[in-house]
Structures are given as C-alpha cells and as structure tokens.
Number of protein chains: 2
Amino acid sequence: MVLTSENPGPRPESRAERKEQTRRAILDAALRLCEGSSLVALSLRQVAKEVGIVPTGFYRHFESIEALGLALVEESFVSLREMLRDVRLHDPAYDDLIDSSIDVLIAHVHAQQAHFAFIAREREAGPPAVREAIARSIELFERELASDLQRLPGTDAWTTEDLRILSNLFVTALVATAVAVLHAGEEPEEEKRLVESARTQLRMVLVGALSWRSER
Amino acid sequence: MVLTSENPGPRPESRAERKEQTRRAILDAALRLCEGSSLVALSLRQVAKEVGIVPTGFYRHFESIEALGLALVEESFVSLREMLRDVRLHDPAYDDLIDSSIDVLIAHVHAQQAHFAFIAREREAGPPAVREAIARSIELFERELASDLQRLPGTDAWTTEDLRILSNLFVTALVATAVAVLHAGEEPEEEKRLVESARTQLRMVLVGALSWRSER
DNA sequence: TTGATGAGTGCACATCCGTACACTCAATGG
DNA sequence: CCATTGAGTGTACGGATGTGCACTCATCAA
C-alpha cells in the first residue's frame, strides 16, 4: 500500500484535524460539566480529565477557562442564528407567524439544550468577559429581529426605537419560555402548557403593540 | 454602677445578639463576595476570612454554603414582598398604575441591588436547592400579582389561567428591566432609556391583553 | 531524508479547599 | 456562685487546583 499525501493510510486524520477533534472534545466536555453549575465553578483539571488529556494539555487549545467560555458563546449564537434563519423561511404575512416561530424555538431548544442552558446561565453568572460577549450577541439578535419585524404589515410608520422596544420584549418573552421549557425537562404536558402560554403572551403583545401604536 | 439584667453594663449585647450579628456579617459577606460570580464558586473559607472568623466557625451558623444560599433567597424575597406592598399603596384604578409600579421597582432595585442581582444569577446558576427555592418564590410572587390584577377593571371575566399568563409576562418583563438597570449601573441616561422602554412594553401588554381578551 | 514543529506527557510546587478534633473562656441559668 | 453551654479558636489532614518546566515523538515541510 502506497502512502502519499492523498492517501495517508489507516490514520486518516492530519495533525490539524486531530487537534480540532481535541478542541471539540474540550468544548463538549466543558458544556457538559458546567450544566447544573456555572463556568465560574468549572476547573481546568475537571475538563482535562473528562477529555482524557493531562491538565497542562488544555493550554494548547485555550489560554484559560474564560477563553473557552468565549468560544462556547460564539458557538451558541451560531445555533441561535440558524434558528432565526429557520423562522424566516415562513411567509411573514401569515397569521400563524407566532405559532410557527414558537414551534421553531421549541425545536431548537430541544436540539440545542446545552447551548440554551449555557447562555441562560452565563449571561448572569459567567466571567465578566463572557457576560459582555453574551450581552453584545443578544443585542445583535434583537436588532436582527427588529429588522424582520419591520417587514410586517402595519409597522411601516414605526420608529427604529419602537421596533427595538418591541423586539426586546419578544426576545425577553421567548428566552423566558425557552428557559422554562428546559426546566420542564421531559414533561410533555407541562411543555404544552408553556407553549400555549407563550402563544397567548406573544399574541397579546402583538395585538397590543399594533393598537397601542395606532392610537398615537 | 449597678449591673442588673435590665442594665447589663458597657457590653450591651447578649450572647444571642452577638451570634445574630455574626450571622448577619456572614450573609452580607457572602452576598458581597459572590457578586460577579456565583454561589457555586464561593468558598466557605473566603466567607470566613471576609467576616473575620476562622473557617470552622462558619458551621456554628450554617451547615453549608448551600444552606447559606437558601437563607439569602429567603431574605431577598422578603424585600421583594415589601416592594409588592409598596405597589399596592397606590389606587389601582388610576391610569398611572404602570408608571408608579415601575417607579417602585426602580427604587427597590437601587435600594436592594445585591438582592436583585443575587436572585437573577442564582435562579439559573445556583446550587439545585437554591434554584428550586427561587423558582417556588417567583411562582408565588406571580400568583400574588395575578390576584392583584384581578381587581383591575376589565379583568372580571378572566379565568385564573389567563391571569397567571398575564402576570407571568409582567414579571418576566419587569425582571428583565430590573436586570438591565443593574447592568446599566451608574449611567442615568441609559437607565432613563430602560425605564421608558419598560413603560412602553407594559402599556403594550396591558392594551393587548385587554383588547385581545375582549375579542374572544 | 532530515530537521523543525507542536500536541500531548509527567512531575513538581505552592496554594486553596472542606472538615475533623480538641480547645478556650465569657455569657448564661439554676 | 458554680456548672453548663456554645461561639469562636488553632492545628492538622488529604485532596483539588493552576501552572511552570523539561520531555517525547508523530507529523510535516523542505
């Protein structure tokens, strides 16, 4: 069997690929280990042990737990951005906009449990740099949602500030729902109740925003 | 100078009073030390050093950091209950109900910064028992608010469930505002923006809830 | 083929952690 | 007045933590 750069033999991974695998393993291990507590209570040695490398090996990938946290924030918001994209796949003029948005949210919460729980925790409890990164990303997320809302019929005359206020309320309510669904865990009937509640809340907000706005 | 039980002399504190003072010092120290991180990253030794007692002395007052956390939850919600009482001092029929509620909230956030920050952090990041205690207390708080809302004109025909959904949204929005105000710190113009935003949001919700409800 | 690179190792160290145990000695109540 | 109580002390321990340093040896570019 000839070993060339195209056919590297029984160990197909390049050096860089192997490093990337370890990096992934570290990220996954950290996400798993800090469930139920927080990044600030996570030690480098725990992570290393979970991954199966020696403590000092950690430094080949991150310079600190805080830096690891920033990478996890990045990653989490990539998945959130995918969620927004899924929401946009629907025609925004339809009446079921709220229903479909919540469905997409719930699906993503289930698919990305760990990421949602991570940002919900660390936005308040994480290391300062992590908290700031999350705050920045959420603000960005709200701005994106605001520009989506702008395309809804009935919001043409709204100011940018009004749209920000509305999308802030939406995000707040949706985050609260996501967290509640996470806490509900594997209790389908409780989750159903939460989803129904979120539906009602968003409808109230939407109706209120439109009529309140038209009164001015 | 005669020393009697009514006149204990130059050291007026009884044994129990001195113990209570130390207990308070421990609670205050813990609240101060876990600002910017979390209970789960707080060590018994740090607390003891801050208070000025030896580590093992801690056990005379709490059996663990988690037990200390439960006491802090208790304390925090006492101050929240006082806030609700202040809100109720206003005539609920007035149009400025939302304004006055937000004013009361902001005043309490400033007066009880540490308590607000504590529950905002630990409800997601704290030890399991602490998280559960906070969840229970918030639920109770929502129920109280719901029964207050019931006395508002226009909500007579609402079901209990509807009231719970509405008060849940109110609490969610108010907590988000409180947290944002805390993060704004000493920036009056930013805080003013946040308060104005909260006002708008609550009005939208109230208007929406009333009109959405009457449509059914 | 060979020399450089760098992911992961192994050991050492000082520091922090929770907690067990025996103690002191002022306040307390009978 | 005197025996009891209990808040706070002091020492000591085994284990976890972050990190410095010298190392190996597979991979990779030249």
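A note on names: the letters A, B, ... follow the listed sequences, proteins ahead of strands, and every chain is numbered from 1. Computed from a predicted structure; not experimentally measured.
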Main-chain N/O of B:Gln46 paired with B:Ser43 side-chain donor or acceptor, under 3.5 Å | yes
Go through B:Leu206 and B:Ile98 one step at a time and tell me if the side chain to side chain contact (heavy atoms under 4.5 Å, CB included) criterion holds.
-> CA-CA 9 Å; B:Leu206 204 53; B:Ile98 285 175; 3.8 Å; yes
Taking DNA chain D as the partner, which of residues 47-59 of chain B come within under 4.0 angstrom of it by heavy atom?
-> B:Ile53, B:Val54, B:Thr56, B:Gly57
Integer-rounded Å distance: C:dT19 C1' and B:Ile65 CD1 | 13 Å
Take A:Glu187 and A:Arg193, measure what salt bridge (charged side-chain N to carboxylate O under 4.0 Å, His left out) needs, and give me the verdict at the end.
-> CA-CA 10 Å; A:Glu187 299 187 51; A:Arg193 229 181 42 76; over 6 Å; no
For the side chain of B:Arg123 and the backbone of B:Ile134, is there at least one donor-acceptor N/O pair under 3.5 Å apart?
-> no
For the side chain to side chain contact (heavy atoms under 4.5 Å, CB included) test, which of A:Val130, A:Leu27, A:Leu39, A:Leu31 pairs with A:Leu68?
-> A:Leu27
Taking five pairs at each end, how big is the angle between the two axes of the helix from C:dT1-D:dA30 to C:dG30-D:dC1, to 10°?
-> 20°
Just to confirm, is there a sub-4.0 Å distance from OP1 or OP2 of D:dA16 to any side-chain nitrogen or oxygen of A:Gln46?
-> no
Euclidean distance, atom CD of residue B:Glu17 to atom P of C:dA26 [Å, nearest integer] = 19 Å
Please state how far atom CZ in B:Phe62 lies from atom C1' in D:dA7, giving the value in whole angstrom units.
-> 14 Å
So, the side chain of B:Gln201 versus the backbone of A:Ile165: is there a donor-acceptor pair under 3.5 Å, distance only?
-> yes
Nearest-Å distance, CG (A:Leu44) to P (C:dG8)?
-> 14 Å
Could you state the atom-to-atom distance from CZ of A:Arg60 to P of D:dC25 in whole Å?
-> 16 Å
How many Å lie between CZ on B:Arg45 and P on D:dT9, as a whole number?
-> 14 Å
To the nearest Å, how far apart are A:Arg18 CZ and C:dG6 C1'?
-> 13 Å
Any donor-acceptor N/O pair, B:Arg121 side chain to B:Cys34 backbone, under 3.5 Å = yes
Where do B:Glu196 and B:Arg199 land on the salt bridge (charged side-chain N to carboxylate O under 4.0 Å, His left out) test, with the steps shown first?
-> CA-CA 5 Å; B:Glu196 201 46 55; B:Arg199 254 189 252 285; 3.6 Å; yes
Atom pair distance, as rounded to whole Å: NZ in A:Lys19 and C1' in C:dG6 = 8 Å
What nucleotide, of D:dG18, D:dC28, C:dC17, holds the atom closest to the side chain of A:Arg15?
-> D:dC28
Counting side-chain heavy atoms from C-beta on, which of D:dG18, D:dC28, C:dC17 comes nearest to B:Ser43?
-> C:dC17
Are the side chain of B:Ser101 and the backbone of B:Leu97 linked by a donor-acceptor contact shorter than 3.5 Å?
-> yes
